[in-house]
Amino acid sequence: PSTGQVLALGKSLGVQAVVVGSINQAETIRSGTVSIPVVTMVVHLVETETGSAVWAVTHTEKGAGFSAQFLGTGAEPISETMRRCVRHIVKKLVG
């Protein structure tokens with residue numbers, strides 16, 4: 001969102017900051033015979049008084065575990081990989 005939109009949103013909601021982000025990658029890649037879900041997210045915490053980003057993180061999560069990569073078993077769904085990516089980002093924000 002634009003700076004003006006962030007300022008208006010902050011005023012409307014009565015909050016000091018908003019979290020904005022995007023999914024830069026959400027795909028399944030092949031590694032041999034195994035499909036591996038990969039998700040990359042970019043997230044910013046934007047101050048609503050100035051419109052400035054005060055915190056940012058980029059995180060990539062891969063969905064295949066040891067067994068999926070080396071034993072050829074099925075990988076997890078991309079939705080679970082995305083959930084783990086979001087959980088990691090939230091832990092960084094609040095931790």
Side-chain angles (χ1 to χ4, degrees):
S2 70
T3 301
Q5 290 171 321
V6 169
L7 299 177
L9 183 61
K11 185 175 182 179
S12 171
L13 296 175
V15 296
Q16 295 177 334
V18 292
V19 176
V20 296
S22 62
I23 299 171
N24 286 9
Q25 179 183 21
E27 63 183 335
T28 302
I29 59 173
R30 298 286 295 171
S31 177
T33 60
V34 178
S35 296
I36 302 170
V38 180
V39 175
T40 301
M41 294 182 178
V42 178
V43 176
H44 300 268
L45 182 67
V46 181
E47 191 177 63
T48 57
E49 187 175 307
T50 64
S52 299
V54 293
W55 178 86
V57 67
T58 299
H59 182 68
T60 299
E61 194 72 40
K62 293 183 180 178
F66 176 82
S67 63
Q69 284 183 308
F70 298 105
L71 302 177
T73 61
E76 70 184 10
I78 197 165
S79 59
E80 184 56 36
T81 306
M82 196 165 293
R83 281 187 202 92
R84 276 204 336 274
C85 193
V86 169
R87 282 192 289 263
H88 179 86
I89 289 171
V90 170
K91 282 181 185 179
K92 285 220 177 233
L93 176 62
V94 298

Asker: For Glu49, does the CD atom have more than 12 heavy-atom neighbours from other residues, nucleotides or ligands under 6.0 Å away?
Answerer: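 12 or below, so no.
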Asker: So, taking the atom named OG in Ser12 and the one named CD in Gln5, what distance separates them when rounded to the nearest 0.5 Å?
Answerer: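 It is 12.5 Å, given to the nearest 0.5 Å.
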Asker: What distance separates His88 NE2 from Thr60 OG1, expressed to the nearest 0.5 Å?
Answerer: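 Atom-to-atom, His88:NE2 and Thr60:OG1 are 9.5 Å apart.
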Asker: Exactly one of Gln25, Lys62, His59 should register a side-chain hydrogen bond (donor to acceptor under 3.5 Å, both in side chains) with Thr40. Which one does?
Answerer: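 Among Gln25, Lys62, His59, the one meeting side-chain hydrogen bond (donor to acceptor under 3.5 Å, both in side chains) with Thr40 is Gln25.
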Asker: Would you compute the distance between atom OG of Ser35 and atom CZ of Arg30 and round it to the nearest 0.5 angstrom?
Answerer: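 Nearest 0.5 Å value for the OG-CZ distance: 4.0 Å.
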Asker: Transitively linked via ILVMFWY side-chain contacts under 4.5 Å: Leu7 with Leu13?
Answerer: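 Each belongs to a different hydrophobic cluster.
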Asker: How long is the span from the CD1 atom in Ile36 to the CD atom in Glu27, to the nearest 0.5 Å?
Answerer: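 Nearest 0.5 Å value for the CD1-CD distance: 11.0 Å.
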Asker: When clusters are formed by joining ILVMFWY residues with side-chain heavy atoms under 4.5 Å apart, either directly or through shared neighbours, do Met41 and Trp55 land in the same one?
Answerer: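 Shared cluster, yes.
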Asker: Under 4.5 Å between side-chain heavy atoms, hopping through other hydrophobics if needed: is there a path connecting Ile23 to Ile89?
Answerer: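 In one cluster with Ile23: Ile89, yes.
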Asker: How many angstroms lie between atom CZ of Arg84 and atom CD of Glu61, to the nearest 0.5 angstrom?
Answerer: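 Here the rounded value is 4.0 Å.
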Asker: Mind checking whether Val43 and Leu45 sit in one hydrophobic cluster, side chains of I, L, V, M, F, W, Y counted as touching below 4.5 Å?
Answerer: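 Yes, same cluster.
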Asker: Testing the basics here: between Thr58 and Val42, what is the closest heavy-atom pair and its distance to 0.1 Å?
Answerer: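 Minimum heavy-atom contact is OG1-CG2, 3.7 Å.
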Asker: Using modelled atom types and a 3.5 Å cut-off, is there a donor and acceptor pairing between side-chain atoms of Ser22 and backbone atoms of Asn24?
Answerer: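 The answer is no, because no donor-acceptor pair under 3.5 Å joins these two groups.
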Asker: For Glu80, look at atom CD and say whether over 12 heavy atoms of other residues, nucleotides or ligands are found less than 6.0 Å away.
Answerer: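 More than 12 heavy atoms, drawn from other residues, nucleotides or ligands, come within 6.0 Å of this atom.
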Asker: Indicate the atoms forming the closest heavy-atom contact of Glu47 with Val54, along with that distance.
Answerer: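 Scanning both residues, the minimum pair turns out to be CB-CG1, 4.0 Å.
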Asker: Taking the side chain as every heavy atom from C-beta outward, state whether Leu93 and Val57 have any pair of such atoms under 4.5 Å apart.
Answerer: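 No - every pair of side-chain heavy atoms lies 4.5 Å or more apart.
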Asker: A side-chain contact here means heavy atoms from C-beta on lying under 4.5 Å apart; do Val19 and His44 qualify?
Answerer: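 With C-beta onward as the side chain, the pair stays apart.
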Asker: Could you tell me if the side chain of Val20 sits less than 4.5 Å from the side chain of Pro1, heavy atoms only?
Answerer: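 Contact flag for Pro1/Val20 side chains = yes.
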Asker: Report yes or no: do Thr81 and Glu76 form a side-chain donor-acceptor pair below 3.5 Å?
Answerer: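 There is such a pair (donor and acceptor under 3.5 Å, judged by atom type) between the side chains of Thr81 and Glu76.
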Asker: Would Ile78 end up clustered with Val86 when hydrophobic side chains under 4.5 Å apart are linked, directly or stepwise?
Answerer: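 Yes, Ile78 connects to Val86 through the hydrophobic network.
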